[in-house]
Enquirer: 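Can you read through this structure? Questions will come right after.
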Amino acid sequence: MMPLFRAIALLSAAVFGLSLASATAQDKTSPSPPPSQLVEKLNAYVGCINRLSERSYESRNRYFSWAKKTGPTGKERIIYGTYTIYDTSDCKKNVEKANALEPRDADLEAAASAYAEAVGTLEPLLKETDEYYEQENYKDDKMAKGKALHPRLVAAWDAFASADKKLRAGVETIKDKQAAEQLAALEAKEGRKVRYHVEALMIHAKRLLRAEDTEKPDIAAITAALGEYEAAVKAAEEASGRDGDAKLGSFFMSNAKSYLTTAKQLMRRVRDKVPYSQGDRMMLGGGGGWMVEGSPPRLLRDYNQLIESYNRGATI
């Protein structure tokens with residue numbers, strides 16, 4: 001069982017349009033900062049992740065699809081090089097601005113600064129590497145520079161992965177707490193209508209991703225998360241259009257069910273110890289893993305599509 005590529009799941013900073021407030025702010029007796037400040041703060045961090053993380057991990061995956069863990073030798077049958085990433089200057093500026101906003105959170109702000117520094121280091125290094133392999137300069141120096149670049153690349157990717165994980169964890173801790181509180185507030189105000197069921201579905205979708213996003217899968221935990229998510233999908237579908245309530249769009253429900261199907265396929269693969277075929281392994285190692293049914297990349301693709309359909313509007 002290969003680990004899920006957890007680092008490239010899309011994030012969404014706002015929690016269904018209701019106000020956000022950090023745990024730290026709520027524990028204080030002073031007035032909470034305007035919700036828009038926290039949303040702006042989180043949006044800056046999430047913006048960096050959604051723009052830069054996927055490409056950063058793809059650059060590493062592409063490199064190691066042909067280079068050994070110990071580095072290139074120059075004797076490889078195929079040499080792909082690596083990918084570059086997008087400009088990181090906006091991320092750095094946005095993080096610096098966000099770190100000054102209330103509510104202040106030293107750990108979260110430090111994680112954001114470390115992320116910006118890590119991707120800022122990775123950007124020029126990947127450009128240098130890409131140019132070296134694109135120009136096939138390894139044919140002129142017997143891979144000397146390629147060998148010298150290898151430890152720098154590994155160190156930069158490791159630093160980035162660590163920073164990415166910490167920043168995501170910090171953002172998600174705030175979002176998880178607020179999502180639960182706001183779901184309860186929504187139920188108290190409106191009851192369990194369509195909007196409630198959509199938000200509950202998204203909360204359970206994230207929990208399911210986390211249950212299957214591990215190097216040591218726990219079938220009991222995955223099965224429980226699957227059951228909760230499936231029940232949430234069914235409840236949302238049954239509430240749609242009931243008693244004059246809003247009707248959920250086919251696009252949203254289709255993505256919700258596709259995600260459920262893939263999650264079940266992955267659970268069965270883990271539970272029944274179903275190996276990947278040679279063709280599957282080639283796609284998984286070459287960036288086409290989303291085409292493999294019951295695979296972590298396919299699950300992640302379907303989860304991201306669910307996030308996108310939610311962001312567009314569940315009634316569309």
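The first residue in the sequence is number 1, and the count goes up from there.
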Enquirer: Verify, without hydrogens or angle tests, whether Thr261 (side chain) and Lys257 (backbone) share a donor-acceptor contact under 3.5 angstrom.
Expert: yes
Enquirer: Quick one: does Ser65's side chain have a donor or acceptor within less than 3.5 Å of a partner on Arg62's backbone?
Expert: yes
Enquirer: If I take atom CD from residue Glu228 and atom OG1 from residue Thr223, how far apart are they, to the nearest 0.5 angstrom?
Expert: 11.0 Å
Enquirer: Cation over ring, Lys69 on Phe64, under 6.0 Å and within 45°?
Expert: yes
Enquirer: So Pro296 and Glu212, do their side chains get closer than 4.5 Å, heavy atoms only?
Expert: no
Enquirer: Between Ser240 (side chain only) and Leu248 (backbone N and O only), is there a donor and an acceptor less than 3.5 Å apart?
Expert: yes
Enquirer: Passes side-chain contact (heavy atoms from CB on, under 4.5 Å), Ile174 versus Tyr45? Steps please.
Expert: CA-CA 12 Å; Ile174 294 174; Tyr45 302 153; over 6 Å; no
Enquirer: Is the side chain of Arg269 donor-acceptor paired with the backbone N or O of Glu293 at a distance under 3.5 Å, no angle test?
Expert: yes
Enquirer: Can we say Lys193 and Glu190 salt-bridge, meaning some charged N sits less than 4.0 Å from an Asp/Glu carboxylate O?
Expert: no
Enquirer: Would you say Thr84 and Asp130 are linked by a side-chain donor-acceptor pair, where the criterion is simply a distance under 3.5 Å?
Expert: no
Enquirer: Could you check whether Arg152 pairs with Glu128 (Lys NZ or Arg NE/NH1/NH2 to Asp/Glu carboxylate O, under 4.0 Å)?
Expert: yes
Enquirer: Heavy-atom distance under 4.5 Å between the side chains of Thr82 and Trp157, does that happen here?
Expert: yes
Enquirer: Do side-chain atoms of Asp87 reach the backbone of Ser89 as a donor and acceptor pair under 3.5 angstrom?
Expert: yes
Enquirer: Keeping Arg192 on the side-chain end and Glu187 on the backbone end, is there a donor-acceptor pair under 3.5 Å?
Expert: no
Enquirer: Indicate yes or no for a side-chain donor-acceptor contact from Glu109 to the backbone of Asp105 under 3.5 Å, with no hydrogens or angles considered.
Expert: yes
Enquirer: Under the side-chain contact (heavy atoms from CB on, under 4.5 Å) rule, what do Asp176 and Lys206 come out as? Steps first, then yes or no, please.
Expert: CA-CA 10 Å; Asp176 287 351; Lys206 182 188 292 185; 3.4 Å; yes
Enquirer: Taking all non-hydrogen atoms of both residues into account, name the closest pair between Ser53 and Asp164 and its distance.
Expert: OG-OD1, 2.6 Å
Enquirer: Are side-chain heavy atoms of Val194 and Thr315 found at a separation under 4.5 Å?
Expert: no
Enquirer: Nearest 0.5 Å, what's the CG-CG distance between Asn94 and Asp90?
Expert: 6.0 Å
Enquirer: In this structure, would Val274 and Met267 fall into the same cluster of hydrophobic residues linked by side-chain contacts under 4.5 Å?
Expert: no
Enquirer: Membership question, hydrophobic clusters at under 4.5 Å side-chain separation (ILVMFWY): are Tyr80 and Tyr83 in the same one?
Expert: no
Enquirer: Less than 4.5 Å apart, any side-chain heavy atom of Val233 and any of Met253?
Expert: yes
Enquirer: Flag the pair Met202 / Leu306 as yes when at least one side-chain heavy-atom distance between them is below 4.5 Å, and no otherwise.
Expert: yes
Enquirer: Keeping Ser254 on the side-chain end and Phe251 on the backbone end, is there a donor-acceptor pair under 3.5 Å?
Expert: no
Enquirer: I need the Arg55 CZ to Leu122 CG distance, nearest 0.5 Å.
Expert: 11.5 Å
Enquirer: For Tyr303 and Asp213, run side chain to side chain donor-acceptor pair (under 3.5 Å): C-alpha distance rounded to whole Å, both residues' side-chain angles, the deciding distance at 0.1 Å, then the answer.
Expert: CA-CA 12 Å; Tyr303 176 75; Asp213 180 7; over 6 Å; no
Enquirer: Would you compute the distance between atom OG1 of Thr129 and atom OH of Tyr63 and round it to the nearest 0.5 angstrom?
Expert: 7.5 Å
Enquirer: Please report the shortest heavy-atom distance between His197 and Ala236, naming the atom on each side.
Expert: CB-CA, 3.7 Å
Enquirer: Between Thr88 (side chain only) and Cys91 (backbone N and O only), is there a donor and an acceptor less than 3.5 Å apart?
Expert: no
Enquirer: Is it the case that one hydrophobic cluster holds both Leu42 and Leu101, taking links as side-chain heavy atoms less than 4.5 Å apart, direct or via other members?
Expert: no
Enquirer: Could you measure the distance from the CD atom of Gln265 to the CG atom of Asp302? Nearest 0.5 Å is fine.
Expert: 8.5 Å
Enquirer: Surrounding NZ of Lys145 (heavy atoms of other residues, nucleotides or ligands, distance under 6.0 Å), is the total greater than 12?
Expert: yes
Enquirer: Got Asp280 and Met283 here, is their nearest side-chain heavy-atom distance under 4.5 Å?
Expert: yes
Enquirer: Which value, rounded to the nearest 0.5 Å, describes the distance between Asn43 atom CG and Lys41 atom NZ?
Expert: 12.5 Å
Enquirer: Over all heavy atoms of both residues, which pair between Ala225 and Ala211 is shortest? Give the atoms and the distance, please.
Expert: CB-CB, 3.9 Å
Enquirer: Report, as yes or no, whether the 6.0 Å neighbourhood of atom CD on Glu134 holds more than 12 heavy atoms from other residues, nucleotides or ligands.
Expert: no
Enquirer: Do the non-hydrogen side-chain atoms of Ile49 and Arg168 ever get within less than 4.5 Å of each other?
Expert: yes
Enquirer: Backbone N or O of Ala220 within a donor-acceptor pair of the Asp218 side chain at under 3.5 Å?
Expert: yes
Enquirer: Name the orientation class of the two ring planes belonging to Tyr133 and Trp66 (parallel below 30°, tilted from 30 to 60°, perpendicular beyond 60°).
Expert: perpendicular
Enquirer: Flag the pair Phe160 / Tyr115 as yes when their ring centroid distance falls below 6.0 Å, and as no otherwise.
Expert: yes
Enquirer: Salt bridge between Arg242 and Glu238, side-chain N to carboxylate O under 4.0 Å?
Expert: no
Enquirer: Do the side-chain N and O atoms of Asn99 and Ser113 include a donor-acceptor pair separated by under 3.5 angstrom?
Expert: yes
Enquirer: Check whether any side-chain heavy atom of Tyr138 sits under 4.5 Å from a side-chain heavy atom of Lys147, and report yes or no.
Expert: no
Enquirer: Evaluate the criterion side-chain contact (heavy atoms from CB on, under 4.5 Å) for residue pair Lys189 and Arg195; output intermediate values, then yes/no.
Expert: CA-CA 11 Å; Lys189 181 179 180 180; Arg195 200 156 75 106; 5.6 Å; no
Enquirer: Do Asn255 and Ile307 pass the side-chain contact (heavy atoms from CB on, under 4.5 Å) test, and can you show the C-alpha distance, the side-chain angles, and the key distance before you say yes or no?
Expert: CA-CA 9 Å; Asn255 280 308; Ile307 290 290; over 6 Å; no
